[in-house]
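Comments concern the structure below.
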Amino acid sequence: MSKLRLIVLISGHGSNLQAIIDAIANRMLNAEIMLVISNRADAYGLLRAKQAGIMTEVVSVKQLSDRQKFDEALIKLIEPFTPDLVLLAGFMHILPSEFVRHFAGKILNIHPSLLPKYPGLHTHRQVLAAGDKEHGCTVHYVTEDLDAGPIIAQEKCEVLPNDTEDMLRERVLKLEHQLYVKVLQTMGARLES
Ligand code: GRF
């Protein structure tokens with residue numbers, strides 16, 4: 001069975017990346033992460049990748065004079081790997097349209113809310129402010145509109161009366177790790193069939 005060929009884009013802690021690395025190591029996911037790209041040189045996720053023996057690259061917008069060049073650099077970097085999927089995992093940069101069009105239908109993102117509720121940032125704070133009784137996370141296809149692409153899967157959790165933003169963030173993050181791996185397992189099986 002051929003392995004799902006993955007490229008992962010990160011910006012920070014990389015806990016979602018780690019969940020995928022662990023699932024592959026534990027043979028829960030038949031995939032290969034060929035490259036981890038970060039737009040920040042200080043992303044802890046780069047260390048995680050290196051510890052797992054995965055190639056890393058930093059492509060920071062600061063380095064390149066404008067978004068157009070960032071776009072081209074990213075496409076040039078990724079293209080040769082012919083990935084089945086490009087995963088955004090805590091990637092905090094809005095991808096230029098040219099990039100999204102180039103890899104249309106292959107870019108997934110994980111977002112810490114039950115989309116279409118609360119696209120963008122500070123989702124846990126918004127859930128608490130709204131007094132929602134449930135929260136969760138979403139894996140969706142990336143389109144040119146922020147956090148608005150077709151939803152692939154969601155996981156839900158309760159919002160408890162004394163929840164703080166951090167408690168909620170932690171509960172949802174655990175769900176994210178499970179959800180992303182589950183989605184990749186399903187997509188891997190589908191690509192295989
Ligand atoms: C996660 O909540 C993710 O959904 C959001 O960034 C947070 C950190 O992700 N986009 P990670 O630990 O860097 O994977």
Side-chain angles (χ1 to χ4, degrees), residues 6-26 28-29 31 33 35-52 54 56-61 74 85-96 99-100 107-130 132 134-159 163-185 187:
L6 306 175
I7 299 256
V8 185
L9 273 60
I10 62 167
S11 296
H13 197 55
S15 69
N16 278 287
L17 166 67
Q18 190 65 57
I20 298 165
I21 289 172
D22 295 347
I24 294 171
N26 300 330
M28 306 276 288
L29 178 60
I33 301 174
L35 177 66
V36 168
I37 302 170
S38 175
N39 64 320
R40 293 176 54 110
D42 62 351
Y44 183 68
L46 289 168
L47 268 185
R48 295 178 191 269
K50 286 181 184 132
Q51 279 161 358
I54 300 168
T56 61
E57 279 288 344
V58 175
V59 181
S60 94
V61 192
L74 221 43
L85 295 171
V86 176
L87 307 180
L88 309 189
F91 187 65
M92 305 307 277
H93 182 83
I94 296 178
L95 288 167
F99 180 88
V100 174
I107 313 175
L108 307 188
N109 182 45
I110 186 143
H111 180 77
S113 81
L114 293 173
L115 290 172
K117 289 186 87 169
Y118 313 124
L121 299 174
H122 309 305
T123 61
H124 313 299
R125 191 180 307 167
Q126 294 184 70
V127 161
L128 290 173
D132 293 355
E134 68 172 16
H135 188 19
C137 52
T138 304
V139 174
H140 64 95
Y141 285 105
V142 172
T143 60
E144 296 177 46
D145 305 317
L146 180 69
D147 297 333
I151 289 173
I152 297 170
Q154 297 186 307
E155 287 277 9
K156 290 183 180 174
C157 65
E158 267 187 299
V159 180
D163 269 340
T164 62
E165 195 177 339
D166 284 344
M167 289 159 79
L168 214 36
R169 176 179 295 108
E170 198 157 315
R171 190 172 310 132
V172 170
L173 199 51
K174 284 197 183 73
L175 290 184
E176 292 180 39
H177 300 159
Q178 294 161 13
L179 182 62
Y180 226 162
V181 169
K182 221 167 24 181
V183 164
L184 293 173
Q185 286 167 333
M187 297 190 92

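Side chains are part of it too, since the values below use all heavy atoms of this structure and drop only hydrogens, waters and symmetry mates. When a ligand or atom number is given, it counts from 1 through the structure's own listing order.
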Quick one: look up the protein heavy atom nearest [atom] and list residue, atom name and how far away it is.
{"atom": "atom 12 (O) of ligand 1", "answer": "Ser15 OG, 2.6 Å"}
{"atom": "atom 10 (N) of ligand 1", "answer": "Gly90 CA, 3.6 Å"}
{"atom": "atom 13 (O) of ligand 1", "answer": "Gly14 N, 2.9 Å"}

>> Counting only heavy atoms from other residues, nucleotides and ligands, does the tally under 6.0 Å from CE of Met28 exceed 12?
In response: no

> For atom CZ of Arg48, is the number of surrounding heavy atoms from other residues, nucleotides or ligands below 6.0 Å larger than 12?
Replying inline: yes

> Can a non-hydrogen atom of Gly45 be found less than 4.0 Å from any atom of ligand 1?
Replying inline: no

>> Could you check whether any heavy atom of Ile10 sits closer than 4.0 Å to an atom of ligand 1, since that is the contact criterion I want to use?
In response: no

>> Quick check on atom 7 (C) of ligand 1 - does any protein heavy atom sit closer than 4.0 Å to it?
In response: no

With heavy-atom distances below 4.0 Å as the criterion, list the atoms of ligand 1 near [X].
{"X": "Ile110", "answer": "4 (O), 10 (N)"}
{"X": "Leu173", "answer": "1 (C), 2 (O)"}
{"X": "Pro112", "answer": "2 (O), 4 (O)"}

> Backbone, side chain, both or neither: what part of Val172 comes under 4.0 angstrom of ligand 1, heavy atoms only?
Replying inline: neither

> ligand 1 versus Arg169, non-hydrogen atoms closer than 4.0 Å: side chain, backbone, both, neither?
Replying inline: neither

>> Can a side-chain donor-acceptor contact be found between His124 and His135 if the only test is distance below 3.5 angstrom?
In response: yes

> Does a donor on one side chain and an acceptor on the other come within less than 3.5 Å for His177 and Ser15?
Replying inline: yes

>> Could you go through Leu9 and Leu74, starting from their C-alpha distance and side-chain angles, then the distance that decides it, and tell me whether this counts as side chain to side chain contact (heavy atoms under 4.5 Å, CB included)?
In response: CA-CA 10 Å; Leu9 273 60; Leu74 221 43; 4.3 Å; yes

> How long is the gap from CD1 on Ile94 to CG on Leu146, to the nearest 0.5 Å?
Replying inline: 5.0 Å

>> Checking the side chain of Thr123 only, and the main-chain atoms of Tyr118 only, is there a donor and an acceptor separated by less than 3.5 Å?
In response: no

>> Consider side chain to side chain contact (heavy atoms under 4.5 Å, CB included). Of Leu88, Ile110, Leu115, which one does His140 pass it with?
In response: Leu115

>> Side chain or backbone, does Glu176 bring an N or O within less than 3.5 Å of an N or O on ligand 1?
In response: yes

